[in-house]
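Each remark here refers to the structure printed beneath this line.
Bear in mind the structure is a predicted one, so any value in this text is a computation, not a measurement. Both ligands and their constituent atoms are indexed starting at 1 by order of listing.
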Amino acid sequence: MAIRPVLQLGDPRLRQPSAAVASELLGTARLACLIDDLRHTMAARDGAGLAAPQIAVPLRVVIFGITHNPRYPDAPPIPETVLINPEWTPVGTETAEGWEGCLSVPGMRVPVLRASRLHLSAITAGGQRIDREVEGFEARIVQHECDHLNGVLLPDRLASA
Ligand code: NI
C-alpha cells in the first residue's frame, strides 16, 4: 500500500479511456493493492473520490466516501464505496448544479450540471454486484468519477454549467 502521486491536468494519461477490469482480476492481491492505494491516496489528499486513472492505472475502478472533509465541509457523510466497472443511467430528467473540485485540477472549483438521480450498476471490492439508485451529492460524485474513466475532466464540464 502506498500514497501515490495524483496526475495533474495536462497529463495525457488522464485523457485515455480506462479499460474494464477483467473477471480474472477480481479477488486478486493486485486489485486489492490498487484499491488500498486509491484509499490511502484519497485520504492523504482529503479527496471525496478518486479514480484509478488519476494514479496512472488505466482501469475502471473508483473509490469515494466522505466523513468530515475540509474540502467539502457541507457535504453529507457517504460511506466508503469502491466501484469496479461502474455504469450509470439517469433516472428521470431532473438535473442540479453544484460546485465540484478535483485532485487532478488543483485550484479550480466550478459549478457543474449533473443528473440528480441515477441508476448505478457496478461490482464491489468483494466481487458483489451493486444495482441501486443514487441521488444528491453521491450521484454527483459517481458522475464525476465515471467521467475520469472516460478521460473527461472538470474543464470539459464548464460549458454545461
Ligand atoms: Ni476528479
Side-chain angles (χ1 to χ4, degrees), residues 1-21 31 33-90 95-125 130 134-161:
M1 119 194 151
I3 293 168
R4 308 267 292 262
V6 176
L7 302 187
Q8 302 291 288
L9 182 66
D11 191 308
R13 289 171 290 181
L14 287 171
R15 293 304 194 172
Q16 291 163 1
S18 293
V21 173
L31 185 60
C33 184
L34 168 61
I35 291 167
D36 248 20
D37 286 358
L38 284 168
R39 178 180 293 121
H40 288 99
T41 304
M42 179 174 80
R45 302 289 300 274
D46 287 326
L50 191 65
Q54 291 181 274
I55 59 168
V57 178
L59 289 173
R60 301 185 84 83
V61 180
V62 309
I63 189 170
F64 58 84
I66 292 185
T67 47
H68 172 68
N69 190 319
R71 294 181 74 242
Y72 295 91
D74 300 324
I78 296 172
E80 182 191 282
T81 306
V82 172
L83 302 176
I84 296 164
N85 298 342
E87 288 179 22
W88 66 269
T89 51
T95 55
E97 195 175 86
W99 291 85
E100 294 182 22
C102 180
L103 295 178
S104 292
V105 190
M108 190 183 197
R109 279 294 175 114
V110 293
V112 182
L113 202 60
R114 302 279 192 191
S116 298
R117 208 176 170 82
L118 51 86
H119 182 86
L120 170 66
S121 64
I123 301 166
T124 68
I130 292 181
V134 177
E135 62 184 356
F137 196 70
E138 186 175 13
R140 176 172 302 282
I141 293 181
V142 167
Q143 290 167 83
H144 178 112
E145 299 312 328
C146 287
D147 270 357
H148 279 297
L149 304 182
N150 298 322
V152 174
L153 294 168
L154 266 193
D156 308 326
R157 291 294 180 198
L158 266 177
S160 69

- Query: Is H40 reaching over with its side chain to a backbone N or O of D36, donor-acceptor style, under 3.5 angstrom?
  - Reply: yes

- Message: Going by side chain to side chain donor-acceptor pair (under 3.5 Å), name the pairs with one or both residues in residues 106-115, residues two or more places apart or in two chains.
- Response: E100-R114, R114-D147

- Is there a donor-acceptor pair under 3.5 Å between the side chain of R157 and the backbone N or O of V110? no

- Message: Can you count the protein N/O/S atoms lying under 2.8 Å from the Ni ion (ligand 1), leaving waters out?
- Response: 3

- Quick one: does T95's side chain have a donor or acceptor within less than 3.5 Å of a partner on L113's backbone? no

- Within 6.0 angstrom of Q8 CD, more than 12 heavy atoms from elsewhere: yes

- Query: Donor-acceptor pair, T81 side chain versus P79 backbone, under 3.5 Å?
  - Reply: yes

